[in-house]
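These numbers come from a predicted model, not from an experiment.
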Amino acid sequence: MPKACSEAALGLLTCMEESPCMKSTDPTQKKKKTLYECMKDEVEAEPCKAERNAYYLCKHSQLNMRTRIRGTRAY
């Protein structure tokens, strides 16, 4: 079951790597922001909001016993 959300995680990672937060460097700092710092800032992570929500729902469905028995919901 640990590989169930790998596709959603890869989509989120790809989106965050292409976001302006990860690409740009701040002139006052000598290093780029980390992925954790970019995800923590909601303004910077706005373009990847759909991917972040999909990853959250996937991880949540692994813990929810009702979803584990019935399967994921298809909308």
Side-chain angles (χ1 to χ4, degrees):
M1 217 153 122
K3 293 185 180 184
C5 298
S6 62
E7 189 174 322
L10 185 62
L12 177 61
L13 181 63
T14 304
C15 181
M16 287 303 294
E17 284 177 345
E18 294 172 358
S19 71
C21 179
M22 294 290 289
K23 288 185 177 180
S24 66
T25 56
D26 191 6
T28 59
Q29 295 178 348
K30 295 187 181 200
K31 62 178 184 173
K32 294 193 302 185
K33 287 185 175 180
T34 63
L35 178 65
Y36 179 74
E37 292 170 343
C38 288
M39 295 222 14
K40 207 170 180 185
D41 187 11
E42 291 186 18
V43 175
E44 297 287 345
E46 184 67 31
C48 302
K49 195 170 188 176
E51 287 85 358
R52 188 175 186 173
N53 191 35
Y55 181 68
Y56 166 76
L57 290 175
C58 182
K59 292 304 259 183
H60 180 70
S61 69
Q62 288 181 337
L63 299 174
N64 188 357
M65 288 305 284
R66 183 175 180 182
T67 308
R68 287 179 68 186
I69 294 169
R70 291 185 169 191
T72 56
R73 290 183 258 170
Y75 290 103

How far does CG of L12 sit from NZ of K49, to the nearest 0.5 angstrom? 13.5 Å
Besides Y56, the hydrophobic cluster formed by Ile, Leu, Val, Met, Phe, Trp and Tyr side chains linked at under 4.5 Å, directly or via other members, contains L57
Sequence neighbours left out, what passes side chain to side chain contact (heavy atoms under 4.5 Å, CB included) with L35? Give chain and number order. L13, M16, M22, M39
Using modelled atom types and a 3.5 Å cut-off, is there a donor and acceptor pairing between side-chain atoms of E18 and backbone atoms of C15? no
If I take atom CD from residue E51 and atom OG from residue S19, how far apart are they, to the nearest 0.5 angstrom? 10.5 Å
Which residues end up grouped with L10 if you chain together Ile, Leu, Val, Met, Phe, Trp and Tyr wherever their side-chain heavy atoms are less than 4.5 Å apart? none
At their closest point, which heavy atom of A45 faces which heavy atom of R52, and how far apart are they? CB-NH1, 4.1 Å
